[in-house]
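Working notes, structure below.
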Amino acid sequence: MRFDRHRLVWIDPQRWPAILAAHGLANAPALLADWARDDRPLIARRPVVGELPCLVPLGLPLPPSIGKQRLAFAVPPDAIRADAPPPLLRDAAAAAPPPGRTASPRSSRWTRTRAVSAAWPGRI
């Protein structure tokens, strides 16, 4: 199973602990644990060399405030609960900081909910 790049993919909440452990993230930072607990999506990405073709390549870009890392996951298809196209820019813009104000670690609303929250009310 493969998804177009940037497609949003939700993981079965019961599967998150095993997925984090399988990727060496059993002691995940609070933000990642919150992400899983709050049922937020991962993003479809390209596979990398050596990944098993039976797994679905997904990623999670962390915000600059905590290092702007790109976390790569490869999950079994049966761990996927739902998927959807990425939000349109006009929909995501509603959650962006106002002009002249940047997102910061103190801006918990922006840091924790991301622009995707505005595009998916009731789901995120």
Any donor-acceptor N/O pair, Arg45 side chain to Leu58 backbone, under 3.5 Å: yes
CD1-CD1 distance between Ile11 and Ile80, expressed to the nearest 0.5 angstrom: 5.5 Å
Partners passing ring pair (Phe, Tyr, Trp, His ring centres under 6.0 Å) against Phe73 (at least two apart in sequence or in another chain): His23
For Arg70 against Pro61, the heavy-atom pair lying closest together: NH1-CB, 3.4 Å
Euclidean distance, Arg90 CZ relative to Leu88 CG, rounded to 0.5 Å: 5.0 Å
Asp38 (side chain) donor-acceptor with Arg40 (main chain) under 3.5 angstrom: no
Minimum-distance pair of heavy atoms, taken over all atoms of Pro41 and Trp35: O-NE1, 2.9 Å
Set of salt bridge (charged side-chain N to carboxylate O under 4.0 Å, His left out) partners for Asp78, sequence neighbours left out: Arg15
Nearest non-hydrogen partners of Pro85 and Leu8, listed with the distance: O-CD1, 4.0 Å
Polar side-chain atom of Arg2 near backbone of Leu55 as donor-acceptor pair, under 3.5 Å: yes
Distance-minimising heavy-atom pair for Pro77 and Cys54: CD-O, 3.3 Å
Expected output: side-chain Trp16 to main-chain Arg37 donor-acceptor under 3.5 Å: no
